[in-house]
Amino acid sequence: MIRPLALALLLLLAGCGGGPGADCTYPTDCDEGLACFAGTCHELGEPAGTIAWEVLPPSSSPLGPASFPPAEGPLAFSLCRSSVRGTLEGGGGALLVARGEPASIAGHEVRFERHVRGEFTMDLPPGAWTLTFQPDPPGPPPLIKRVQLARCEQRELSLLEWPADRVLRLRPVIDPERDPRQACGAFVRVYDPAGGAPLSSRLELRSRPGGACPGPAESTLRFAPPAGDEIEVRIGPLDAVLPTLPEQTLRVKVEGEGDLNLGPVALNPGALALERVLVAVSDVGGQAISRAIVTAESVPAGEESSIRFRSGAGREVEAGRYELWLMPGRYRFRAIPPEGADAAAGGCVVVGDRACESTHAVVAERPASVSLALPRPVRFRGSADGVSGGTVELRPAREGGGRSSTAPLSADGRWDLAVDPGNYDLVLRPSAPATPWLVRPLSAPLVADAEEEVSMPEPALVIGTLWEGDTGETLPVAGALVRAWRLAAEGPPHLVGEAVSRADGTFSLVLPGN
Amino acid sequence: MRALSILVAAGLLLPACLVPQPLVPGGEDSGLDDPPRILGRSPEASVVHTQRGCGRQRFELLAIEDMDEEDSIEVRWFVNYQQGNVEPVRVARITTGFQDGIRSPPGDGLDVFFSQYEDQVLVVEAVVSDGFDSDPGRSPVNRVPLAGKAVTHTGWTVFVESVQECLP
């Protein structure tokens, strides 16, 4: 009698002892397929795609940000400090800009910046970094270093010397053929065509009040040698609020030794005067829209042309009418309405009775008045099966996206968003705990009202622990943000989940599963 | 007798394994308000250097933590807050979701369009509270918490060079 009873009880205990949520000490305490983690049995899931990890310790922590490659099972990430150290030559100062991708998270571009002087240290996640030291005060060319930083590495850059430089000479004029007078009001900077890094400080050709150009007719600029045998000289207006000059790019071969002489360089090619253009902005119903950001950008005359004119934001001279000053040429106009307006960002120029045109020509000595009709926002409605509350977000895709838009999900999982036409990624974050996000591109760009019913992905539980140090010592890291990035075959990765580590360093998050 | 002791032991053990123990968020049972905390932000640096030619700059609070599940979190964004300019440029209420103190969405962001400001120095601030006081007579206006509630704050100083280029 006793034996069968004890056996039944043992079977019962065994059955309950290893299920999800049951206490455990050893992996064998849990049922097959479950993991013992933080004293509890868990049924781990298999997230869809390849997930890499980013960990951002709290600001109070001496640890720096870190990234980790895809891994299976309960995750165990040990955090340590990785950094670059160095000393700037002459004890001078510089703005240090670090750009790169944390290791294991391809396509996730990150930028850090800080002022450094003399000896400095900058914490960076492990990864490939381009460090640009922009001298402050400006003068010598920037110093560019490329470093591959390993986990827990403290990279010593030793003494950083400003690079050997060459001198670029140029004589800024209004137009070498039509008006060879000295010109100013522009900036000049040298870039490396390979990679786009700046190779010089910015040469500012400022004018005196009244417009006269001070200083010598010839200007000089010091630049660092490029990676190849060409440099890119970019010229643009100093005044971005009311630009009076076009932007242009010159490719110049760097040959031989000594100074590089460009000779006369036109700061204002093609136009000696700007034309006043009044832009009336309205919604599809003809209602004037105030407080919009209205800009115009010239359409290049040909594929070879490197000259373009970008206006500043138009000044609103009366309700819904904006004043722009543009050099003659063909333009694409764009307006961004204020939040709450029943209009989407865009630009369709209405001239007389003609249909909307994407561009409009500004002609010399002929003040223009154009109407810009903004499209109605696209309504994107939908519902998510089995979801109660949360948020829905449309994030602009890498190409062709409008402004991002967020709205709450109703108690029955419905949403209604008004967005600019464009290409987006859909992100649904249910409010219920232990529910995965839905993150995926829209099947097609939004050009008209659309409705979509979505099914939420299967949940995939991921658990882990954050430790401090690289020696396996048991110091948990609390309050760190753990982010899960789903890697993409091309382009930037998608953020598909995040969690904050608890006091014991553990974290758990539910990701979209297969 | 042996059967009885096994039954007693089982009676003690079975309930223990059948009732999973939920995690109790810290601060929930203390009776005191747990203030919101900003766990991460972007850009990380307090001083940002940029150019007008870049057009805009995005500022983000990556995550806000508040262990009081009933609290709704409000984020108020200010640009150049001062006397005469005390209205937030953006208000976000995060009322949904709760997991280990994090809401859904976990934070908030603001795009600052440089064309909307003539200043070459912008001070961008995010003020987060689990209960703002709506009394306009209390200073600093629009940033004071209700009694028993709290605010936390982060900010950036943005130097915008007035030039039509955008450095990488």
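Computed over heavy atoms, backbone and side chain alike; hydrogens, waters and symmetry mates excluded. By convention in this document, chain letters (A, B, ...) are assigned in the order of the sequence lines, proteins followed by strands, and residues within each chain are numbered from 1. From a predicted model like this one, the values you see are computed outputs, not experimental measurements.
Considering every non-hydrogen atom in both B:S115 and A:I293, the closest pair reads OG-CG2, 3.4 Å. Minimum heavy-atom separation, A:V241 to B:S162: CG2-OG, 4.2 Å.
Of all residues spanning residues 38-60 of chain B, those with a heavy atom less than 4.5 Å away from chain A's heavy atoms are B:L39, B:E44, B:A45, B:V47, B:V48, B:H49, B:Q51, B:R52, B:G53, arranged by number. Within residues 131-141 of chain B, no residue has any heavy atom less than 4.5 Å from a heavy atom of chain A.
By number of non-hydrogen pairs under 4.5 angstrom with chain B, the leading residue of A:R99, A:R310, A:E247, A:H115 is A:R310. The most heavy-atom pairs under 4.5 Å with chain B, out of A:F112, A:F507, A:Y191, come from A:Y191.
Proximity to chain B involves both the backbone and the side chain of A:E113, based on heavy atoms less than 4.5 angstrom apart. Neither the backbone nor the side chain of A:S61 has a heavy atom closer than 4.5 Å to any heavy atom of chain B. Heavy atoms of B:E118 lying under 4.5 Å from chain A are absent altogether. In this structure, chain B has a heavy atom under 4.5 Å from the side chain of A:Q134, while its backbone stays farther away. For chain B, the nearby part of A:I336 is the side chain; its heavy atoms alone come within less than 4.5 Å.
With salt bridges taken as basic N to acidic carboxylate O contacts below 4.0 Å, one links B:E165 and A:R202.
Among residues at least two apart or in separate chains, there is no disulfide bond (SG atoms under 2.5 Å apart) pair with a member in residues 100-158 of chain B. Sorted by first then second residue, the ring-ring contact (aromatic ring centres under 6.0 Å, His included) pairs that include residues 100-127 of chain B, not counting sequence neighbours, number zero.
Residue A:R189 holds its CZ atom at 4.0 Å from CG of B:L167, rounded to the nearest 0.5 Å.
No more than 12 heavy-atom neighbours from other residues, nucleotides or ligands sit within 6.0 angstrom of CD on A:E109. Open room surrounds CZ on A:R291; 12 or fewer heavy atoms of other groups in view lie less than 6.0 Å from it.
Looking only at side-chain heavy atoms (C-beta outward), B:L62 and A:R483 come within less than 4.5 Å of each other. Counting only heavy atoms from C-beta outward, the side chains of A:R429 and B:P106 approach each other to under 4.5 Å.
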